[in-house]
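Working notes, beginning with the structure itself.
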Amino acid sequence: MARALNFNPGPAALPLAALERAAREFVEYAGTGMSIMEHSHRGKAYEAVHNEAIALVRELLGVGDNFHVLLLQGGATGQFAMVPLNLLHPGKSADYTLTGSWAKGAFKHAKALGTVRAAANVEADGKFVRMPRQDELSLDPNAAYVHLTSNETIAGTQWHAFPDTGAVPLVADMSSDIMWRPTDLGRFGVIYAGAQKNLGPSGVTLVIVRKDLVESGRTDIPPIWQYRTHAEANSLSNTPPTFAIYMLRNVLAWLKEQGGLVAAEKRNREKAALLYAAIDARPDLYHCPVDKASRSVMNVVFTLPTPELEAEFLEGAKQRNMVGLKGHRSVGGMRASIYNAMPIEGVDALIAFMKEFQRRHG
Ligand code: PMP
């Protein structure tokens with residue numbers, strides 16, 4: 001059976017090379033007599049994988065010595081809580097930019113724990129079609145941090161330039177666009193991402209957190225929720241998701257082989273440009289509701305004129321072995337998620353089908 005062209009939003013397509021490497025090593029890892037899953041997380045075999053995964057994150061993103069790289073559990077949603085648990089001291093307030101479902105999720109979690117402000121809210125008629133402009137932000141200069149969602153996976157919107165928050169650290173949920181391009185980490189206090197889009201399978205959450213914020217983090221919360229616990233133990237305080245981290249290692253090794261983030265950006269921009277051009281070329285049939293300046297390079301959303309045409313489109317795509325194109329139930333339409341692992345040939349195939357669909361519908 002041929003592998004599908006997988007446009008799933010996450011868990012999402014993984015690089016074939018990373019899967020094949022896992023298949024080769026699945027039953028017996030590197031001559032050790034057992035699979036990596038069966039190794040102790042305190043043994044040498046696993047430890048090497050664990051440290052290689054962290055080293056690859058550091059190398060690919062150019063993470064400086066002033067940051068810890070943590071591999072945690074609980075998903076990005078867990079970080080919605082862990083960020084304020086650690087950084088939002090009593091008496092302080094945090095700023096949140098409300099840009100879509102995920103940003104609202106982060107805001108809601110923080111609100112349950114402390115004082116938060118909406119520094120911007122771009123919701124209009126129940127929809128999110130753009131990211132805020134700098135001049136729309138109402139920033140508290142004394143905020144503990146400013147939270148943003150770099151890419152709204154459902155709305156298909158993305159911050160293309162990060163806002164200036166002065167001395168206040170940025171905290172970013174980069175779940176759906178981490179490592180899509182080189183990123184200057186200078187203004188960030190925390191970056192977190194569930195792995196299951198650009199980094200690997202679900203089950204591991206990457207957290208890159210500035211050392212001074214770990215040190216000054218709250219100590220009056222359970223140790224398991226303190227960043228310092230994981231930083232001090234190199235993310236081995238309790239049993240980590242060893243197989244998910246092994247897969248993350250495979251994915252990042254592949255990404256490095258492909259030329260790292262500079263090459264990834266070039267491929268990603270090319271894929272997105274081709275797909276948006278195909279959508280814009282036929283405004284009678286395809287429509288992208290997102291403002292041009294905020295269009296996501298990772299999640300390309302578009303609609304067709306009627307639910308019937310959308311159903312026909314999805315069915316036709318399925319017959320051509322393309323899956324995962326249905327938009328999120330909250331917004332409808334289509335969504336093509338084209339993360340790092342989606343080859344340009346996959347986007348070409350989708351565009352070829354879009355053109356064929358056009359011909360069929362005049
Ligand atoms: N933030 C963003 C931007 C996401 O896309 C998602 C998942 N799709 C989440 C947070 C939630 O992640 P998790 O399921 O890992 O908790």
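Remember, it's 1-based here, ligands and their atoms both numbered in the order they're listed.
Among residues at least two apart or in separate chains, ring-ring contact (aromatic ring centres under 6.0 Å, His included) pairs with a member in residues 45-83 are Tyr46-His50, Phe80-His109. Among residues at least two apart or in separate chains, side-chain hydrogen bond (donor to acceptor under 3.5 Å, both in side chains) pairs with a member in residues 324-339 are Asn299-Ser337, Asn299-Tyr339, His328-Ser330.
Side-chain atoms of Ser296 come within 3.5 Å of backbone atoms of Met298 as a donor-acceptor pair (strictly under, hydrogens ignored).
With sequence neighbours excluded, no residue satisfies salt bridge (Lys or Arg N to Asp or Glu O under 4.0 Å) with Asp173.
Phe313 and Phe353 have their aromatic ring centers within a separation under 6.0 angstrom.
Considering all non-hydrogen atoms of both residues, Val251 and Leu199 come closest at CB-O, 3.3 Å.
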Tabulated below should be the N or O atoms of ligand 1 paired with protein N or O atoms at under 3.5 Å; can you produce that?
from	atom 1	to	atom 2	distance (Å)
ligand 1	1 (N)	Asp173	OD2	2.6
ligand 1	5 (O)	Trp102	NE1	3.4
ligand 1	5 (O)	Thr153	OG1	2.4
ligand 1	8 (N)	Lys197	NZ	2.8
ligand 1	15 (O)	Ala76	N	3.1
ligand 1	15 (O)	Gln196	NE2	2.9
ligand 1	16 (O)	Ala76	N	3.3
ligand 1	16 (O)	Thr77	N	2.9
ligand 1	16 (O)	Thr77	OG1	2.5

